[in-house]
Student: 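Here it is, the structure, as C-alpha cells.
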Amino acid sequence: MPELPEVEVTRRRIGPLLVGRRIERVLTTRPSYFFLTPPARLRAGLAGREVRDLARRGKYLVAELDDAARLVLHLGMTGQLFSARATSPRLISAGARSALHPEEQLRFEPDAHTHLRLVFADGGPEVFFRDVRKFGKVLLLRRGQSHPRIDRLGIDALELSGEALFAASRGRRAAVKALLLDQAVATGVGNIYADEALFRARIRPTRRAGSLARRDCDALAEAVRAVLLRSIETGGSSIRDYVAPDGADGAFQDERRVYARGGEACLVCGGRIRRVLVAQRGTHYCPRCQR
DNA sequence: ATCTGTCCCTGGACGC
DNA sequence: TGCGTCCAGGGACAGA
C-alpha cells in the first residue's frame, strides 16, 4: 500500500514523464467514488494543459498545470501510476494473467481498473493510473482553489520532530499508533511504516500517546524519518500491488522487521512477533522489544 | 475535541 | 476444480 516512500519514489520516476509534456486528451472510466472531480470535468479541464511541476504532499501527488490548476492524485491502497512502457505482472490481475501466454504476462493492456489514461501531444508514452479497489482519488483544483482533504494535512512526516510529536500527543488517550496514522499530525505514515517506526523506537503501538515522555517522542520521530528515508532509498515496499512507474518492484519489504510478520521470530530477540488490532488496523510488534 | 466503529472496493487466500 | 467466506486498509464520516 502506497505510503510516503512509495509516493515519493513514484513522484521521482513519473516526474520526467509528466513535467514539460502537454496533455492532448484523457480517457477515464465511469463516474465513481474514485473521482472527486467528475470524469467529464476532469477530461475537459486537462485537455490541452501542460504539466509544469510534480510535487508531493504526504501521500498525495500534486501536478501543477500551465493554467495554475492542480491535478491531485492519491494512490489509496492499490493505486498504480505508471508509464505505458512499464512491464510487471503486478499490473495485471491474476485472473487475467492466467489467460495469457507467458510472454504476454508482463505486458500491460488498459483494463476496467485503469481509471485514468493520459495521452500526450508529443505522441510519446501514455501515463496510466490504475486502481483495483478504487480507494485512490483524483481531484482537479482550479487556480487558487483548495480542498479540505489537502488543507487538513499536517507537516510532512519526513520533517516530523520530537517536539511536534510531543505537543500533538498531550492529552491523547488513544494509542500512539493512531497518532502516527493521523494525517493531521504528520502526513505520509501509513500502516507499514507506523509499525516499523514503533519497533525501531522500541515503543509498544498500543501505548497511550499521552503517556509518552519527550525522549520517547524524540526517538519515535527519529525512527519515523529514518524508516521513511531508508524505504525511499530502496525504492519503497512492494508487498502486494505497489510498482514504480517503470514497473520495478521496491525492496524495502525485505527490510521489514515486524509488518506482516505476525507469529514469526523477532529479528532482534528471537521472540514471537504479535499481531493485534489497533485503530481497526492490523498491528505488529515484538512484546519483548517494545515495552 | 477526541475517539470508535462503519463504510467504500475487489482480488487473493483459505477451507471445505 | 470450484465455490463461499474472510481479510487487507486510507480516510471520511457519524455518533458517542
Side-chain angles (χ1 to χ4, degrees), chain A residues 1-8 10 29-37 56-61 72-81 88-100 105 111-116 129-139 147-154 156-157 167-196 205-212 228 236-243 253 256 258-263 275-284:
Chain A
M1 45 244 67
E3 304 180 25
L4 187 151
E6 292 75 30
V7 177
E8 177 60 20
T10 297
T29 50
R30 302 184 160 281
S32 72
Y33 188 76
F34 177 85
F35 292 102
L36 291 181
T37 299
R56 180 186 58 74
R57 178 85 193 275
K59 302 178 197 174
Y60 289 84
L61 288 172
V72 180
L73 307 175
H74 193 294
L75 299 180
M77 284 277 304
T78 53
Q80 300 168 319
L81 186 67
S88 166
R90 291 187 200 273
L91 297 171
I92 303 170
S93 300
R97 196 160 61 234
S98 64
L100 298 172
Q105 294 189 356
D111 60 3
H113 306 302
T114 309
H115 302 297
L116 204 60
F129 187 176
R130 181 172 185 265
D131 183 6
V132 169
R133 277 180 226 176
K134 290 189 207 157
F135 281 10
K137 293 286 171 283
V138 182
L139 170 67
H147 192 281
R149 289 195 185 234
I150 306 296
D151 297 341
R152 258 198 283 276
L153 300 176
D156 197 85
S169 66
R170 295 307 86 187
R172 288 245 198 176
R173 303 180 74 250
V176 58
K177 173 159 173 180
L179 187 74
L180 288 183
L181 293 178
D182 185 345
Q183 303 295 299
V185 173
T187 179
V189 177
N191 212 32
I192 299 174
Y193 299 107
D195 283 3
E196 294 297 320
T206 51
R207 185 161 157 196
R208 283 184 182 190
S211 77
L212 294 179
L228 295 176
S237 299
S238 289
I239 294 179
R240 290 186 187 85
D241 305 282
Y242 175 73
V243 284
Q253 64 278 9
R256 276 174 305 137
V258 287
Y259 180 78
R261 294 193 66 243
R275 181 181 187 283
V276 296
L277 275 186
V278 175
Q280 329 303 336
R281 297 290 176 256
T283 297
H284 316 77

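None of the values given here were measured: they were computed from a predicted structure. In what follows, chains carry the letters A, B, and so on, assigned in the order in which the sequence lines appear, proteins first and then strands, with residues in each chain numbered from 1.
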Student: What is the distance, rounded to the nearest whole Å, between atom CZ of A/Arg130 and atom P of B/dC9?
Tutor: 18 Å
Student: Between the protein and nucleotides 12-16 of chain B, which nitrogen or oxygen pairs come in under 3.5 angstrom?
Tutor:
{"unit_1": "B/dG12", "atom_1": "OP1", "unit_2": "A/Ala94", "atom_2": "N", "d": "3.1"}
{"unit_1": "B/dG12", "atom_1": "OP2", "unit_2": "A/Ala94", "atom_2": "N", "d": "3.4"}

Student: Under 4.0 angstrom, heavy atoms only, what part of the nucleic acid is A/Lys59 near: base, sugar-phosphate, or nothing?
Tutor: sugar-phosphate
Student: Using whole Å, what does the distance between atom C1' of nucleotide B/dT10 and atom CG of A/Asp111 come to?
Tutor: 12 Å
Student: Flag the pair A/Arg275 and A/Asp195 as a salt bridge only when some basic side-chain nitrogen lies within less than 4.0 angstrom of an acidic carboxylate oxygen.
Tutor: no
Student: In whole Å, I'd like the distance from the NZ atom of A/Lys177 to the P atom of B/dT2.
Tutor: 21 Å
Student: Is there a donor-acceptor contact under 3.5 Å from the side chain of A/Arg207 to the main chain of A/Ala175?
Tutor: no
Student: How close do A/Ala186 and A/Ala157 get, heavy atom to heavy atom, and via which atoms?
Tutor: CB-CA, 4.2 Å
Student: Is A/Arg56 paired with A/Asp156 through a side-chain N to carboxylate O contact shorter than 4.0 Å?
Tutor: yes
Student: If only atom types and distance count, is the side chain of A/Gln105 paired as donor or acceptor with the main-chain N or O of A/Leu100 below 3.5 Å?
Tutor: yes
Student: Measure CD1/A/Ile239 against C1'/B/dG11 and give the value in whole Å, please.
Tutor: 17 Å
Student: Does the side chain of A/Thr283 pick up a donor-acceptor pair with the side chain of A/Lys177 at under 3.5 Å?
Tutor: yes
Student: Exactly one of A/Phe34, A/Tyr33, A/Phe135 should register a ring-ring contact (aromatic ring centres under 6.0 Å, His included) with A/His115. Which one does?
Tutor: A/Phe34
Student: What does A/Tyr259 touch in the nucleic acid at a heavy-atom separation under 4.0 angstrom: a base, only the sugar-phosphate, or nothing?
Tutor: sugar-phosphate
Student: Contact boundaries of DNA chain C with chain A (under 4.0 Å, heavy atoms), 5' to 3'?
Tutor: C/dA8 to C/dA12
Student: A/Met77 has an atom CE; how far is it from atom C1' of B/dC8, in whole Å?
Tutor: 12 Å
Student: May I ask you to say what A/Gly136 touches in the nucleic acid, namely base, sugar-phosphate or nothing, with a heavy-atom cut-off under 4.0 Å?
Tutor: nothing
Student: Hey, which sits more toward the 5' end of DNA chain C by its nearest nucleotide, A/Gly282 or A/Pro148?
Tutor: A/Gly282
Student: Keeping A/Arg97 on the side-chain end and A/Ile92 on the backbone end, is there a donor-acceptor pair under 3.5 Å?
Tutor: yes
Student: A/Gln183 side chain to A/Val189 main-chain N or O, any donor-acceptor pair under 3.5 Å?
Tutor: yes
Student: To the nearest Å, give me how far apart CG (A/Leu181) and P (B/dT4) are.
Tutor: 13 Å
Student: Five pairs at each end of the helix from B/dT2-C/dA16 to B/dC16-C/dG2: take the axis at both ends and give me the angle between them to 10°.
Tutor: 40°
Student: How long is the line joining CZ of A/Phe34 and C1' of B/dC8, in whole Å?
Tutor: 14 Å
Student: Under 4.0 Å: is that the gap between some side-chain N or O of A/His113 and OP1 or OP2 of B/dG11?
Tutor: yes
Student: Answer yes or no on whether A/Lys137 is positioned over the face of A/Tyr60, meaning its NZ or CZ is under 6.0 Å from the six-membered ring centre and within 45° of the axis.
Tutor: no
Student: How close or far is atom P of B/dC9 from atom CZ of A/Phe35, stated in whole angstroms?
Tutor: 14 Å
Student: Under 4.0 Å from OP1 or OP2 of B/dC3: is there any side-chain N or O of A/Arg172 that close?
Tutor: yes
Student: Quick one: on DNA chain B, does A/Tyr33 or A/Gly171 contact a more 5' nucleotide (nearest heavy atom)?
Tutor: A/Gly171
Student: Between A/Gln80 and A/Asp241, is there a donor-acceptor pair closer than 3.5 Å when you use the side chain of the first and the backbone of the second?
Tutor: yes
Student: Is it true that A/Tyr193 and A/Ser237 share a donor-acceptor pair across their side chains at a distance under 3.5 Å?
Tutor: yes
